[in-house]
Amino acid sequence: MTEQTTAPVSTASQVPVTGPLTVREITGDEAVETLLELGGSFLQTPAWGRAKAGWRRTHLGWFDATGRRVGAGLVLSRTIPRLSRSYAYLPEGPGLPWDVVAADPAVWIDPLVAWAKAHKAFALRLGYPVVSRVWDREPVKKQVVDNGLLSFTTLPPAVDNPTARALEGWLDRNGWLSLGADGVAVGQPRLLCIVDLRGRTEAELLKGMNQQWRRNVKKAEKAGVQVRAVGPEGLDTFHALYVESAHRDNFMPRPKAYFDVMARSFATDEGPVSARFYEAHVDGDVLASALMIRFGRTFSYLYGGSTERNRDARASNALQWQAMRDAAAAGCEAYDFRGFNTSLGATSPLTGLLLFKLGAGADVVEMVGERELVISRFWHFAFAKAMAARIAINKRRTGGGSAPEGDI
């Protein structure tokens, strides 16, 4: 661990905010501008809104009494059929100066709640992007291997953020319910695996990996593995490898159309946000592929897959190592491996995925995470029942299976 708090987002502007604050609709470009200033998530960008079919998207801005825009967020809304009532969700957002917010959350959150009520939302769900605790990788790895997946949470963290404690206390007192990644509608993981890139050279990043990881990187080099980044044209290859991995590791794969929409929503060679498929190949034979998104100072690994062919070439290690180097070269501060499924047992093949991420030098970062404010209990209950039925139907259609990581 570095002395700084490892985090996929950062608090920003220290310019004093003049209250009271108001919330109103803004353009997507305005939202991106503010998110970049404040270190917000790619899940708050217009591209992510375009990728989420079936959700209505609204970009909101927070304005102080001087008219200065001091925050931004993407609200995804899903309406109950034939009714005007909606479920409102801000994944990993909004982008706000959270150190300032924690000092008086009501000043910042109450205007959003008022907006939600005015737009007939029966519930409001926020992913609070504030680092709560951080655990170093080596103690986590040992604890997971010896005592199960979540036993590491009993260990003293390397970082315990007082800002998060203050925010959580306010949320608890004001009826914001804590949620996991398997809630009624959607969910993002609370526990992430993050490699801190700040101020570190390639040699230092490589040194931060465990011995097995460094050995595999060398094996890939000797095997002639090369890594390239491609656009939406890499979808077919990616999805074939992803489905092969799903069958091998017993999780339920998403359909190709889902990734097609996502890749095209983010696909660009310019600007602050982009998505690329990374492919690790030997003489053109692609052995591993992964979908990566870069936004501002964070480079995120979303989904990946690999084949059983030529496994000794260690293509997956080569792919992640190249992406990590690209992230550092682009000036990113965090390489985000995303989350892991906290319902897994220590013997699950997907627990191996967590150990893979830790071996790459990632620490476990716990966020304050998702909270839900129920505005209308009647409509919330009806919506929850409908979503539970929908999930059950989908599981029967697909034959069950677990998701490999927190929902994206």
Out of E372, R78, H380, which one pairs with Y87 under the side-chain hydrogen bond (donor to acceptor under 3.5 Å, both in side chains) rule?
E372
For the side chain of S41 and the backbone of L43, is there at least one donor-acceptor N/O pair under 3.5 Å apart?
yes
With side-chain hydrogen bond (donor to acceptor under 3.5 Å, both in side chains) as the test, would you mind laying out the steps for S300 and R338 before giving the verdict?
CA-CA 7 Å; S300 301; R338 300 302 297 167; 5.0 Å; no
From Q212 CD over to F356 CZ, what is the distance, rounded to the nearest 0.5 angstrom?
11.0 Å
Given R57 and S77, is the side-chain contact (heavy atoms from CB on, under 4.5 Å) satisfied, shown in steps?
CA-CA 6 Å; R57 58 185 185 273; S77 302; over 6 Å; no
Show the nearest heavy-atom pair for residues L205 and A328, with the distance to one decimal.
CD1-CB, 4.3 Å
Checking side-chain hydrogen bond (donor to acceptor under 3.5 Å, both in side chains) for the pair N161/S132: CA distance, chi angles, key distance, verdict?
CA-CA 5 Å; N161 186 8; S132 176; over 6 Å; no
When you compare the side chain of W176 with that of L124, does any pair of heavy atoms fall below 4.5 Å?
yes
Donor-acceptor contacts under 3.5 Å from residues 24-32 side chains, at least two apart:
from : atom 1 : to  : atom 2 : distance (Å)
T27  : OG1    : E30 : N      : 3.1
T27  : OG1    : E30 : OE1    : 3.3
E30  : OE1    : T27 : N      : 2.9

Contacts of E168 that satisfy salt bridge (charged side-chain N to carboxylate O under 4.0 Å, His left out) - sequence neighbours left out
R165
Give every donor-acceptor pair under 3.5 Å between a side-chain atom in residues 316-326 and any protein atom, sequence neighbours left out.
from : atom 1 : to   : atom 2 : distance (Å)
Q320 : OE1    : Y335 : OH     : 2.5
Q322 : OE1    : R325 : NH2    : 2.9
Q322 : NE2    : D326 : OD1    : 2.8
D326 : OD2    : Y278 : OH     : 2.6

Okay, side chain of H119, backbone of A88: is any donor-acceptor separation there less than 3.5 Å?
no
Rounding to 0.5 Å, atoms CG (L90) and CG (L112) come to a distance of 6.0 Å
Heavy-atom distance under 4.5 Å between the side chains of L354 and C193, does that happen here?
yes
Test side-chain contact (heavy atoms from CB on, under 4.5 Å) on V282 and N310; report intermediate values, then the result.
CA-CA 9 Å; V282 175; N310 198 4; 4.1 Å; yes
side-chain hydrogen bond (donor to acceptor under 3.5 Å, both in side chains) with T18: which residues, sequence neighbours excluded?
none
Heavy-atom side-chain contact between V17 and W62 under 4.5 Å
no
Using the salt bridge (charged side-chain N to carboxylate O under 4.0 Å, His left out) rule, collect all pairs that involve residues 308-324, keeping only residues at least two apart or in two chains.
R248-E308, D285-R309, E308-R311
For D104, side-chain hydrogen bond (donor to acceptor under 3.5 Å, both in side chains) partners two or more places apart:
none
So do L74 and T58 actually touch side chain to side chain, heavy atoms under 4.5 Å?
no
K218: partners by salt bridge (charged side-chain N to carboxylate O under 4.0 Å, His left out), with sequence neighbours left out:
none
Distance-only, no hydrogens or angles: does the D249 side chain make a donor-acceptor pair with backbone N or O of F251 under 3.5 Å?
no
Sequence neighbours excluded, which residues qualify as ring pair (Phe, Tyr, Trp, His ring centres under 6.0 Å) partners of F152?
W135
Can you name the nearest heavy-atom pair linking G305 to S245, along with the distance?
CA-OG, 3.3 Å
Side chains of W108 and V100, heavy atoms from C-beta outward: is any pair under 4.5 Å?
yes
Establish, yes or no, whether the cationic atom of R125 lies under 6.0 Å from the six-membered ring centre of Y89 and within 45° of the ring axis.
yes
Is there side-chain contact between P97 and L38, with heavy atoms separated by less than 4.5 Å?
yes
Are V23 and F63 close enough that some pair of their side-chain heavy atoms sits under 4.5 Å apart?
no
Enter the distance from R133:CZ to E366:CD here, rounded to the nearest 0.5 Å.
4.0 Å
What is the ring orientation for F238 with F277, classed by angle as parallel under 30°, tilted 30 to 60°, or perpendicular over 60°?
tilted
Taking D196 first and then R200, would you say they form a salt bridge - that is, a charged N and a carboxylate O separated by under 4.0 Å?
no
Parallel, tilted or perpendicular, as decided by the 30° and 60° cut-offs, for the rings of F42 and W48
perpendicular
For a side-chain contact (heavy atoms from CB on, under 4.5 Å) with R137, tell me which candidate from V195, N210, L358 qualifies.
L358
Going through the distances and angles, do M367 and V131 end up as a side-chain contact (heavy atoms from CB on, under 4.5 Å)?
CA-CA 4 Å; M367 312 301 288; V131 171; 4.1 Å; yes
So CD of E92 and CG of L126: to nearest 0.5 Å the spacing works out to 12.0 Å
List in chain and number order the residues that pass side-chain hydrogen bond (donor to acceptor under 3.5 Å, both in side chains) with T34, two or more places apart in sequence or in another chain; answer none if no residue qualifies.
R69
For the CG atom of L241 and the OG1 atom of T307, what is their distance to the nearest 0.5 Å?
6.0 Å
Determine whether V134 and V364 make a side-chain contact, defined as any pair of heavy atoms from C-beta on separated by less than 4.5 Å.
no
Quick one: list whatever passes salt bridge (charged side-chain N to carboxylate O under 4.0 Å, His left out) with D64, sequence neighbours left out.
R68
State which residues pass side-chain hydrogen bond (donor to acceptor under 3.5 Å, both in side chains) with E202; sequence neighbours excluded, sorted by chain then number.
none
Using distance alone, with no hydrogens and no angle criterion, decide if T79 and R56 have a side-chain donor and acceptor under 3.5 Å apart.
yes
With a 3.5 Å distance limit and no angle check, can you tell me whether Y242 reaches the backbone of T237 through a side-chain donor-acceptor pair?
no
Without swapping roles, check the side chain of K357 against the backbone of G339 for a donor-acceptor pair under 3.5 Å.
yes
Say whether, by atom type as modelled, one donor and one acceptor occur between the side chain of E370 and the main chain of R190 under 3.5 angstrom.
no
To the nearest 0.5 Å, what is the distance between CZ (R198) and CZ (R297)?
10.0 Å
Please walk me through it: do S306 and L287 pass side-chain contact (heavy atoms from CB on, under 4.5 Å)?
CA-CA 6 Å; S306 62; L287 305 176; over 6 Å; no
Is a side-chain donor or acceptor of R50 paired with a backbone partner of S265 at a separation under 3.5 angstrom?
yes
Under 3.5 Å, is there a donor-acceptor pair between the side chain of R214 and the main chain of M209?
yes
Run the salt bridge (charged side-chain N to carboxylate O under 4.0 Å, His left out) test against D172 and tell me which residues pass, sequence neighbours left out.
R371
